[in-house]
Amino acid sequence: MKFKPISPRVDIQALEREQLEFWRSAQVFKRTLEGREGAPRYVFYEGPPTANGKPGIHHVMARAFKDIFPRYHVMQGKYVLRKGGWDTHGLPVEIEVEKELGIEHKHQIEAYGIAEFNRRCRESVLRYLEDWEALTERMGFWVSLEDAYITFKNEYIESIWWILKQFWQKGLLYQDYKVVPYCARCGTPLSSHEVSDAYEEVDDPSIYVRFALRDEPNTAFLVWTTTPWTLPGNVALAVGREVDYVLIETEAQYAKGQTERLILAKALLSQVMRKQDYTVLREMKGAELLGARYVPLFTFLPVNQDYAYVVDGSHFVSTEEGTGIVHIAPAFGADDMEVAKANHLPTLMTVNAEGKFIDAVSDWADMWVKDADPLITRQLKERHILFRSERYHHAYPFCWRCKTPLLYYARETWYIRTTAYRDELVALNQTINWVPEHIRDGRFGMWLANNRDWALGRNRYWGTPLPIWKCDNPESNEIVCVGSLAELSEYVGRDLSDLDLHRPYVDEITWASKDGLGTMRRVPELIDVWFDSGAMPYAQWGYPHRNQQLFEDQFPADYICEAIDQTRGWFYSLHAISTLLMNSVSYKNVICLGHILDGEGKKMSKSRGNVVDPWTIMNREGADAARWYMYTSAPPGDSRRFSAKLVQEVISGFYLTLWNTYSFFVTYANIDDFDPSAPRLPVAEREELDRWIIAELNALIKRVTHAYETYDVTGCTRPIADFVDDLSNWYLRRSRRRFWQSQWDASKRAAYETLYECLVSVAKLLAPAMPFLSEAIYRNLVVPFDAEAPDSVHLTRWLSADESLIDEKLLAEMRLVKRLVSLGHAARNSAELRVRQPLSEAAFAVRTADEAAALRKFEATIAEELNVKAVRLLDEASASGMISYSLNPLPQKLGKRLGAQFPAVQKLLREGAPAQVTAWAKQLLAGEPLSVSVNGSTIELSAEEVEVRRTAAEGFTVAEENGYVAALQTTLTDALIKEGLAREVVRRINLMRRDADYALNDTIEVSYAATPRLAEALSLHSSYICDETLAERFEAVEQPAGDKVETFTFDGETITLGVKRIAKGQ
RNA sequence: GGGUCAGUAGCUCAGCUGGUUAGAGCACUCGGCUGAUAACCGAGAGGUCACACGUUCGAGUCGUGUCUGACCCA
């Protein structure tokens, strides 16, 4: 039986399509689950994308990282269910539909009809589903798409309702005000995303006003604001606890000749007072001001709670601008609202939903608040409250639709009291393995530590309705939270199984309240779409109404992975819901991906036109190379550049190297009928080089396995590339002759077996990362020869390292050999002696006795690599004049012991007179300690503390690096020259073989006519030439003839060669 | 404005708890090889480790500050 022949040229597209077809027809993904029902679980959660746009290259990245660990754990024998999912609700979907319909304002949606609008949303959200599914399959991301969860399905929504009811019963759901960026004209709040793009530079009023102290006459807090219209909503002033404040006395502004007293931040004194004279009466910390009462500026609204005093605003009070004292209007600022809640202050709603003052604010009733600014300022001036009024140039957010300035405006909405579980959120987070690690205590940990209640409500149309029904009679306080469709059916007394759980249909469900006062109606809100995705551990199974066992089996996740912007999105919503609901984490390991940039390191965006279409990559470079690039180019959390060119580098740098090795193996294995099912030679009986690559292989398995267990993606992949490089460019290059040799002996057999084992192992180690290439290699090398073997590499068991084969000494020795060979090449290079020309001797200096032993052990290898007749050690006796010495006091050993004296010792040893240094070096080499005197004191240095290094003396054909030296004997004897000539001719004949298209194992005969010196060399080496060229005969003739005749001139000699095929290889 | 992360060769990245003269790959130049060949091997050149100050016998590594970039939050 033979291996399927492999062309040295790889057609990546054909290869990948072939594997896809195989996976499809053999149902390989499905079979990763079959028969493993009792196996340990490995749980992956798919963070659901929204399929209302085409997938981009960043989705390929995320899916590549999602795919790699489940594949690994399948190979570890686990049962790995991977349910796909789609996120379908939310504002982005609505906005798409609004665009299609040409809708600009929210009320137009209601006019259009919610039912029809939502129907269009439902239709639009899965518009690109096919693109997503096609790309998912093409890139080899294994996830169950046919039973993917969809967040708009009734079963999904029911689960969410159940969760909300649990929260409701625990008293975690409540209604309160939240300050949002709000467009009064459109009557809608804007999402933060919409706001951040909409800042413009404007001039706003900038006024300083006095808040008179209640208990201290003629004294006032000086306060700065750019929104005078918020002053009627004032309930408090905030100071920084640690900020320094001053009480000053200055000339009264409105009463000539009198004085007034003002309080403001010390740091802002000169900025505020400018040229005005003042006297500082007292200094104090903000903490001393807390609780101080003042006289409210306005009393339009009757307020029955205590207010108008100084509170702590340490985390937002700045001394960069203003006065260091901030006015608090809870309805019109997020900080304000928070401070108000913390201090139980009232929220004064002085402005209506149109952005106009309410009637109670009688002076400016029904006036657009921004128009009221100058009027308010004028009144304050008349009342002698205004200290100064000017303009202030700054960035302010505007509505991106209608260009109206946004107001920060409190709206009543629903919250989840996550703050009640802050400690649990923080503690559970500590048990999660975050990659990169800093997210745990950084971005995510800090977010949790500063947790605020989750603002759940949304005043929109396409989303999960909040399942709360209230009696419409204000007298009644009847209110219920509904946890399922069955429960709702019970309330209304009929079967609602067919009800669509979206607006407007749920809104139509009403019933008479139990207290008989009115009708139970649903509150208008939907819930935050992040709650949808955060509920997926439960809702993907319809838990608890369905699949209870399945849920328990699949909770929590071992692994999730998304981009870093999900810290406050999905990562948070998953964590918050599971903490509140189950007091558990919902994921144990999480990779946060950095963002993807273009080839120049710029952000990819449609407007820049630098977006990479994933399909062009899939159709050219292919999935494996793209995946490999994602895994290896940067640590997962870093942002990374991406371009077709960078992926092509993966192909030439890694993919083709592996492919060439594979193709080499298949080519020769077929020639020799290598049978991988035959019993193998024990590793211990193979050659040194075989044992070395096997040691490297087992070290690799150990390393990569550890990396998979610790979610270290670069560790899973980069070492494989290093190994493949060793395999191709050292092991195989050094072993080629063993594959070419004609007789089948233990050496040849060991070479095949070793290379085979390495290739098959690499295929397995590579399988989770490069599922296509690894499958192709495995299916050719293993499946036809082993009836027991699974038909897919993805169904095989992960390798475990055989520690006994990791010969550390051998690994170190080979590292040294490579280094010395490299040095020898450098020496050749500087002498301009090509490798084809044999030299008589290479001599090396090394740093330790162990290294000297290694040199002796591998002298044949080194001799062959360097094409020299002999390799020896440059010992002290033979090296005189060729090398000199230098001394290197080892900092790691001496630094601590000598402390401040170390630099002087270092200087002395490094820069001492050559004769002295040589004497010291010999002393140390003999193992004797050294006594040196530095700054009048004598210091003993042991032989272990100072390294003796050999350095090349000038004028020799030598190379040196870090104490290693290679020296070449460059005298060419006649014999060496003749051998060089013979090699030259071998090379020409082999060129001709190739040009004549002979098979690798065809035998030939060669005739030649050469100049006398060359002819002499050739007859001397004719048997060598025959061996190297598979020639049966090599004869001098008058007139060379054959299939091909050519004449060459080199080194002053001329030869005419004729080659003729005499037998085909088998 | 606050926070997190990053800044090492032209490019992509290593560099462990501080310790020898900061490493690799790609690209470039030169040379070699030509029975893996749209490969391969060797060498060369290329770095004030973003900048400044500090701690230390010793800093790419630790601290403080600054600059630049990405992201998050306001």
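So that the names make sense, note that chain A is the first sequence line, chain B the second, and so on, each numbered from 1.
A:Trp628 is linked by a ring-ring contact (aromatic ring centres under 6.0 Å, His included) to A:Phe654, counting only residues two or more places apart in sequence or in another chain. Remark: A:Phe739 pairs with A:Phe664, A:Tyr752 by the ring-ring contact (aromatic ring centres under 6.0 Å, His included) rule, at least two apart or across chains. Annotation: ring-ring contact (aromatic ring centres under 6.0 Å, His included) contacts of A:Phe3 (sequence neighbours excluded): A:Phe665, A:Phe785. Residues forming a salt bridge (charged side-chain N to carboxylate O under 4.0 Å, His left out) with A:Arg452 (at least two apart in sequence, or on another chain): A:Glu338.
Distance A:Arg718 CZ to B:G25 C1': 11 Å, rounded to the nearest Å. Atom CG in A:Asp722 sits about 14 Å away from atom C1' in B:U12, given to the nearest Å. The distance from atom CZ of A:Arg815 to atom P of B:G23 is 16 Å, rounded to the nearest whole Å. At whole-Å resolution of the value, CZ in A:Phe664 and P in B:A39 are 18 Å apart.
Under the 4.0 Å criterion applied to side-chain N and carboxylate O atoms, A:Glu1028 and A:Arg983 are not assigned as salt-bridge partners. A salt bridge does not link A:Arg703 with A:Asp722: every distance from a Lys NZ or Arg NE/NH1/NH2 to an Asp or Glu carboxylate oxygen is 4.0 Å or more. With respect to A:Arg733 and A:Glu865, a salt bridge is recorded, a charged nitrogen being found less than 4.0 Å from a carboxylate O. The existence of a salt bridge linking A:Asp672 and A:Lys748 is confirmed by a sub-4.0 Å separation between a basic side-chain nitrogen and an acidic carboxylate oxygen.
Under the 4.5 Å side-chain criterion, counting only non-hydrogen atoms from C-beta, A:Val590 is not in contact with A:Trp570.
Side-chain atoms of A:Tyr668 lie closest to B:G35 of the nucleotides B:G42, B:G35, B:A14. For A:Leu656, whose side chain is taken as the heavy atoms from C-beta onward, the closest listed nucleotide among B:A38, B:G35, B:C26 is B:A38. Candidate nucleotides B:G19, B:C41, B:A14 were compared by shortest atom distance to the side chain of A:His825, and B:C41 ranks first. Nearest to the side chain of A:Glu649, among B:A36, B:U20, B:C26, sits B:C26. Candidate nucleotides B:A36, B:A14, B:A43 were compared by shortest atom distance to the side chain of A:Asn660, and B:A36 ranks first. Distances from the side chain of A:Arg9 to the nucleotides B:A38, B:U20, B:G35 place B:A38 closest.
Residue A:Gly637 is the one, among A:Arg443 and A:Gly637, whose nearest nucleotide of RNA chain B lies closer to the 5' end (criterion: closest heavy atom). With the nearest nucleotide of RNA chain B identified for both A:Arg568 and A:Glu1028, A:Glu1028 has the one nearer the 5' end.
Spacing of P atoms, B:U20 relative to B:C67, comes out at 33 Å, to the nearest Å.
In secondary-structure terms, RNA chain B builds stems of at least 3 consecutive Watson-Crick or G-U pairs, each pair having both distances under 3.5 Å, at B:1-7 with B:67-73, B:10-13 with B:23-26, B:28-32 with B:40-44, B:50-54 with B:62-66.
Heavy atoms from other residues, nucleotides or ligands lying under 6.0 Å from CZ of A:Arg620 number 12 at most.
When the side-chain nitrogen and oxygen atoms of A:Asn888 are compared with OP1 and OP2 of B:U21, none of them lie within a distance under 4.0 Å. Contact between the side-chain N/O atoms of A:Ser728 and the OP1/OP2 oxygens of B:C40 is not found at any separation under 4.0 Å. When the side-chain nitrogen and oxygen atoms of A:Arg736 are compared with OP1 and OP2 of B:A36, one or more of them lie within a distance under 4.0 Å. Here A:Arg987 reaches the OP1 or OP2 of B:U34: one of its side-chain N or O atoms lies under 4.0 Å away.
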Write down the protein N/O and nucleotide N/O pairs, taken from nucleotides 54-58 of chain B, whose separation is under 3.5 Å; answer none if there are no such pairs.
from  : atom 1 : to       : atom 2 : distance (Å)
B:C57 : O4'    : A:Gly899 : O      : 3.3
B:C57 : O4'    : A:Ala900 : N      : 3.3

